Peer 1: 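Pasting a structure here, questions to come.
In the text below, chain A, chain B and the rest are named by the order of the sequence lines, each starting its count at 1. Note that the structure is predicted; figures quoted are calculated from it, not measured.
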Amino acid sequence: MGFLFSCYVNAMHPALLRFLGLPAQGSSYAHKVDFDLLLLHAGMAAMFIIWAVLMAFLLIRYRRKEGRQAIYESTGGAWALAGGVAIVLFELVIIVTYSIPTWSTISLRLPDEKSSNVIAVVAEQFAWNVHYPGPDGKFGRRAAQFVDSGNVLGLDPGDPDGKDDVVTLNELHAPLGKPTLVYLTSKDVIHSFFIPAFRVKRDAVPGMVSPLWFEPILEGRFTISCAQLCGIGHATMQGVAITHPAEEFESWLKEQSALKDATD
Amino acid sequence: MDAESPQHRSLTWLERYLFSIDHKVIGLQYLITSLLFLLFGFALVSLLRWQLAYPGQPIPLIGRWLPDTLAPGGVMLPEFYNQLGAMHGTIMIFLGVVPLGVGAFGNYILPLQIGAPDMAFPRMNMLSYWMYVPGGILMLLSFFLPGGAAQSGWTSYPPLSIINPGQTAWLIAMVFIITSSLLGSINFIVTTLNMRARGMSLWRMPIFVWAQLITAVLLLLAFPPLEAAAILQLMDRVAGTSFYLPAGLIVSGEALKVSGGGQPLLWQHLFWFLAHPEVYVLLLPAMGICAEIIANGTRKPLFGYNIIAGSMLGIGFMSFIVWAHHMFVSGMSPALSNFFLITTLIISIPSVLILTALVWSLKGGNVRFSVPMLFALAFLPMFGIGGLTGLPLGTHVTDMYLHDTYYVIGHFHYVVVTGSIIALMGGIYYWFPKWFGRKMSDFWGKVHFWGTLACMNGVFFPMFIQGLAGVSRRLYDPTLQPQNLSTQPWNVVSSVAAWALFLFQIPFIVNFFHSIFRGEKSGENPWKATTLEWACPSPPPHGNFSNPPRVYRGPYEYSVPGREADWFPQDEAA
């Protein structure tokens with residue numbers, strides 16, 4: 001049933017977004033999340049108003065009056081309960097039929113690695129490290145024993161796959177027009193990777209790799225913030241997602257990789 | 001307690017007031033202690049809200065008294081901010097609302113309502129209070145320990161909680177507090193099941209007793225996993241284990257020397273397995289209190305008694321299979337999220353039934369707007385907002401955006417503050433005459449009510465706006481992040497409302513203590529109520545009832561046709 005409503009998704013009036021105060025829709029699925037938010041809030045407002053009006057009416061109608069006795073028998077209660085449950089069930093069915101398929105497309109199913117910009121994001125107190133596999137498309141091995149101040153991710157110097165890898169600090173570059181697949185992890189404590197404009201959030205857990213994806217649709221710079229308390233610098237832990245047209249992104253990546261070769 | 005019990009010899013002052021085994025004294029001890037903790041927890045967050053409204057500016061008045069290790073020059077440090085946040089949550093939940101709803105109201109009112117002379121295990125009852133007190137004192141003292149109080153959030157997610165200072169005292173205190181709750185819950189269950197007066201069948205018990213019984217079961221089943229989890233975390237900190245620590249952790253460039261093999265998500269599963277039922281531990285006693293007050297204030301039987309009791313049972317059961325809706329973005333398998341989405345939506349149905357039944361109970365009534373009734377009525381729409389805003393958080397798609405934003409803070413404060421605390425306040429005004437034989441002032445009660453209600457909404461409603469704009473929680477300085485600047489004025493609104501809310505508690509505090517000594521004398525049954533606690537003197541003597549009461553009818557026989565008086569007590573023979 002939710003999909004009956006989803007035909008409105010693309011035509012959704014921007015005024016409604018402004019009403020909820022959401023940031024710009026920067027990713028291909030942001031409008032789907034927003035539509036769910038709108039659906040839920042419309043239903044919540046409707047239920048609250050029905051309840052509040054009913055309650056206000058009953059309080060005024062049955063306020064205390066001298067000489068009046070309360071009525072022992074309750075009437076119409078079964079209808080009230082059935083009505084309440086029916087409204088809630090209607091709302092819940094809409095949520096389920098819209099949200100579960102949407103969840104499948106944005107979270108359960110991941111884009112194919114071959115047609116995606118694949119990167120790894122490694123969080124630490126209090127920064128975001130972004131690891132690009134470089135032109136060969138293969139990540140170099142990372143291991144704790146190689147970590148030092150010049151090699152924050154612990155890239156294995158002996159691994160040929162890592163020779164052309166690029167690592168950036170607090171800058172995530174992504175192309176428009178294809179999905180970016182992120183393998184997210186952390187070096188120390190739990191952080192949470194949050195790009196409000198892309199409507200994406202996922203915890204970065206040490207010892208675990210969590211995959212997530214987004215496809216940027218707007219060119220620009222979007223804040224990456226940490227959404228999970230990670231220590232005294234939590235509020236300062238910010239990065240920026242920079243989106244480029246595809247060719248510009250490819251040339252940026254080649255340039256960075258070449259720059260790295262030159263310094264090695 | 002039989003006739004040979006200690007009331008026949010004179011008790012020392014210590015036995016009577018400090019180490020009492022009388023459920024009423026223990027109830028009042030819990031009442032005063034938990035209200036003090038609520039006030040203290042509120043004071044902590046009032047301080048924290050200065051930093052949110054005016055980040056980086058020196059705290060006026062109080063700032064100069066704070067040590068340089070917390071706030072040099074009166075400007076709060078991030079570690080102090082994080083301590084305030086973690087301790088506010090911990091104190092409000094574990095030392096404030098639960099001991100007030102269960103320890104104070106449950107202890108005092110439950111045995112009276114079922115016509116029992118005391119709790120089933122009076123000494124265990126005393127032990128429960130005396131486990132709670134050292135746990136609470138240790139929490140307070142932890143501010144003065146090296147490294148300060150816990151600063152990893154009340155949720156204490158490892159690895160942060162294991163590497164951060166302050167957590168050891170928190171964990172030890174939690175073990176005390178949990179043990180206290182476990183002792184209490186066993187007592188409540190046994191008392192309710194075994195000590196009811198003759199004729200008090202389960203389906204004649206007041207809704208408040210149902211609520212306490214189900215709450216006790218939740219505590220008994222949900223707290224042991226957290227106690228175990230807390231001890232594991234304590235071992236990770238002090239004994240070098242790594243239940244929650246994976247191998248290869250690198251903290252500020254240094255490899256952490258642990259054996260590894262642990263899993264940070266294990267803590268989250270164990271923690272939320274407690275902490276979701278805990279929400280209903282905070283809520284059910286409040287719902288029970290509202291049901292009592294509404295039946296009395298409308299002067300008619302509660303509509304849907306069976307439905308309310310049954311829904312509470314349903315909530316109790318379902319609350320054990322919704323915990324992972326707190327973990328949709330934790331890295332847990334997204335496939336699991338669908339299951340928890342559905343169970344979460346299902347648990348909203350019994351809540352809707354309870355609210356609808358309570359609202360419909362107003363129909364046909366002769367509604368009195370007494371102070372307790374105002375609080376009970378305010379609970380309904382306010383808890384409604386809290387419950388409804390749970391839907392976008394319990395839905396994985398929208399939670400992916402709203403998780404850990406101010407929306408979450410707004411949601412659970414609507415549930416616990418404008419919900420539970422409002423109802424518990426109503427309960428204080430309602431049962432005060434039973435505790436002290438005197439009524440609280442109506443006028444100052446109304447000032448307290450309207451001020452509190454307006455300010456609470458002023459504090460918490462802006463949080464929904466901030467959350468939808470994407471403002472994350474637990475930020476020491478929200479203005480460091482450009483996307484938060486547009487909603488920063490709402491932080492000022494919230495903070496000013498919070499400080500005003502603090503001021504509006506002064507009439508309550510003065511009214512409370514003034515009325516203990518100077519309030520209007522109330523007699524046995526000032527509200528003309530039907531349940532058994534009103535069938536004994538105010539305050540009840542040791543042993544409560546001069547003769548064991550006998551119950552002839554259900555709990556809310558108001559305005560029975562053919563009777564002159566509009567209430568028909570449970571213990572009055574026809």
Side-chain angles (χ1 to χ4, degrees), chain A residues 20-23 33 36-37 40 44 47-48 51-52 54-55 58-59 62-64 68-72 74 77 80-81 84-85 88 92 95 99-100 102-103 107-108 144 147 149 187-190 192 196 199 201-203 205-208 210 223 225 227-232 234-236 238, chain B residues 78-79 153 157 159-160 246 248-251 255 264 298-300 303-304 329-331 334-335 338 345 349 352-353 356 359-360 362-368 380-381 384 388 391-392 395-398 400-401 403-404 465 468-470 472 474-477 480-483 558-561 566:
Chain A
L20 286 180
L22 297 161
V33 177
D36 213 353
L37 279 169
L40 279 156
M44 286 151 61
M47 284 197 279
F48 184 76
W51 255 331
L54 174 68
M55 188 174 157
L58 291 174
L59 283 178
Y62 296 103
R63 69 189 181 280
R64 185 184 189 186
R68 181 161 76 195
Q69 256 226 323
I71 305 159
Y72 180 77
S74 283
L81 289 175
V85 171
V88 176
L92 298 190
I95 296 172
S99 302
I100 288 185
T102 307
W103 184 249
S107 199
L108 273 181
V147 173
S149 56
K187 282 163 75 175
D188 40 35
V189 302
I190 299 178
S192 193
R199 309 291 189 271
K201 182 180 292 156
R202 186 65 55 87
D203 285 2
V205 184
M208 260 173 73
S210 308
T223 316
S225 64
Q228 182 71 268
L229 179 67
C230 58
I232 54 174
H234 171 52
T236 62
Q238 288 180 78
Chain B
E79 43 271 54
Y157 280 9
L160 182 69
L249 287 181
I250 295 160
V251 180
T298 54
R299 313 306 293 167
K300 65 183 282 289
F303 162 69
V329 303
S330 68
N338 283 333
L345 296 180
I349 294 173
V352 165
L353 285 173
T356 311
V359 170
W360 205 254
L362 303 171
K363 181 170 177 280
N366 195 13
V367 181
R368 298 165 180 205
L380 301 175
L388 287 170
L391 290 176
T395 302
H396 40 32
V397 172
T398 45
M400 195 162 77
Y401 178 64
H403 188 86
D404 271 333
I465 300 169
L468 283 167
S472 293
R474 292 169 170 171
L475 296 175
Y476 161 65
D477 182 349
L480 290 176
Q481 305 191 351
Q483 79 269 24
Y558 289 98
S559 302
V560 177
D566 73 349

Peer 1: Is it the backbone or the side chain of A:Val88 that comes under 4.5 Å from a heavy atom of chain B, or both, or neither?
Peer 2: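 Contact with chain B involves the side chain of A:Val88 alone.
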Peer 1: Against chain A, label B:Thr395 side chain, backbone, both or neither, depending on which of its atoms sit under 4.5 Å from a heavy atom there.
Peer 2: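 For B:Thr395, the side chain is the part near chain A, not the backbone.
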Peer 1: What part of A:Leu229 lies closer than 4.5 angstrom to a heavy atom of chain B: side chain, backbone, both or neither?
Peer 2: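 Contact with chain B is through both the backbone and side chain of A:Leu229.
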Peer 1: Can you name the nearest heavy-atom pair linking A:Gln228 to B:Arg474, along with the distance?
Peer 2: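 Minimum heavy-atom contact is OE1-NH1, 4.0 Å.
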Peer 1: Side chain, backbone, both or neither: which part of B:Ile465 has a heavy atom under 4.5 Å from chain A?
Peer 2: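 For B:Ile465, no heavy atom lies under 4.5 Å from chain A.
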Peer 1: Please name the pair of heavy atoms, one in A:Met208 and one in B:Gly331, separated by the smallest distance, quoted to 0.1 Å.
Peer 2: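 What the structure gives for the nearest pair is CE-O, 3.3 Å.
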Peer 1: Where on B:Ala255 is there a heavy atom nearer than 4.5 Å to chain A: the side chain, the backbone, both, or neither?
Peer 2: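 Neither part, no heavy atoms under 4.5 Å.
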Peer 1: So what's closer than 4.5 Å to chain B heavy atoms on A:Ile232: side chain, backbone, both or neither?
Peer 2: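 A:Ile232 touches chain B through backbone and side-chain heavy atoms alike.
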Peer 1: When rounded to the nearest 0.5 angstrom, what is the spacing between SG in A:Cys230 and OH in B:Tyr157?
Peer 2: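 Here the rounded value is 14.0 Å.
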Peer 1: Please round to the nearest 0.5 Å and tell me the distance separating atom CD of B:Gln481 and atom OG1 of A:Thr236.
Peer 2: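 Between atom CD of B:Gln481 and atom OG1 of A:Thr236 there are 9.0 Å.
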Peer 1: Side chain, backbone, both or neither: which part of A:Thr223 has a heavy atom under 4.5 Å from chain B?
Peer 2: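 A:Thr223 touches chain B through side-chain heavy atoms alone.
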Peer 1: The criterion is side chain to side chain contact (heavy atoms under 4.5 Å, CB included); which residues satisfy it with A:Arg64, sequence neighbours excluded?
Peer 2: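 A:Arg64 satisfies side chain to side chain contact (heavy atoms under 4.5 Å, CB included) with A:Glu66, B:Asn366, B:Arg368 once adjacent residues are dropped.
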Peer 1: With a 4.5 angstrom heavy-atom cut-off, which part of A:Ala52 approaches chain B: side chain, backbone, both or neither?
Peer 2: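 No part of A:Ala52 comes within 4.5 Å of chain B.
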Peer 1: Please state whether the side chain, the backbone, both or neither of A:Met55 comes within less than 4.5 Å of a heavy atom of chain B.
Peer 2: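 Contact with chain B is through both the backbone and side chain of A:Met55.
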Peer 1: Where on B:Pro246 is there a heavy atom nearer than 4.5 Å to chain A: the side chain, the backbone, both, or neither?
Peer 2: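 Contact with chain A: side chain only.
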Peer 1: Provide the closest heavy-atom pair for B:Pro264 versus A:Ile190 in the form atom of the first, atom of the second, distance.
Peer 2: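 For B:Pro264 versus A:Ile190, the nearest heavy atoms are CB-CD1, 4.1 Å.
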Peer 1: Could you pull out all residues at least two apart from A:Arg199 that satisfy salt bridge (Lys or Arg N to Asp or Glu O under 4.0 Å)?
Peer 2: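 Salt bridge (Lys or Arg N to Asp or Glu O under 4.0 Å) list for A:Arg199, sorted by chain: A:Asp34.
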Peer 1: Can you tell which part of B:Thr356 gets under 4.5 Å to a heavy atom of chain A, answering side chain, backbone, both or neither?
Peer 2: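 B:Thr356 touches chain A through backbone and side-chain heavy atoms alike.
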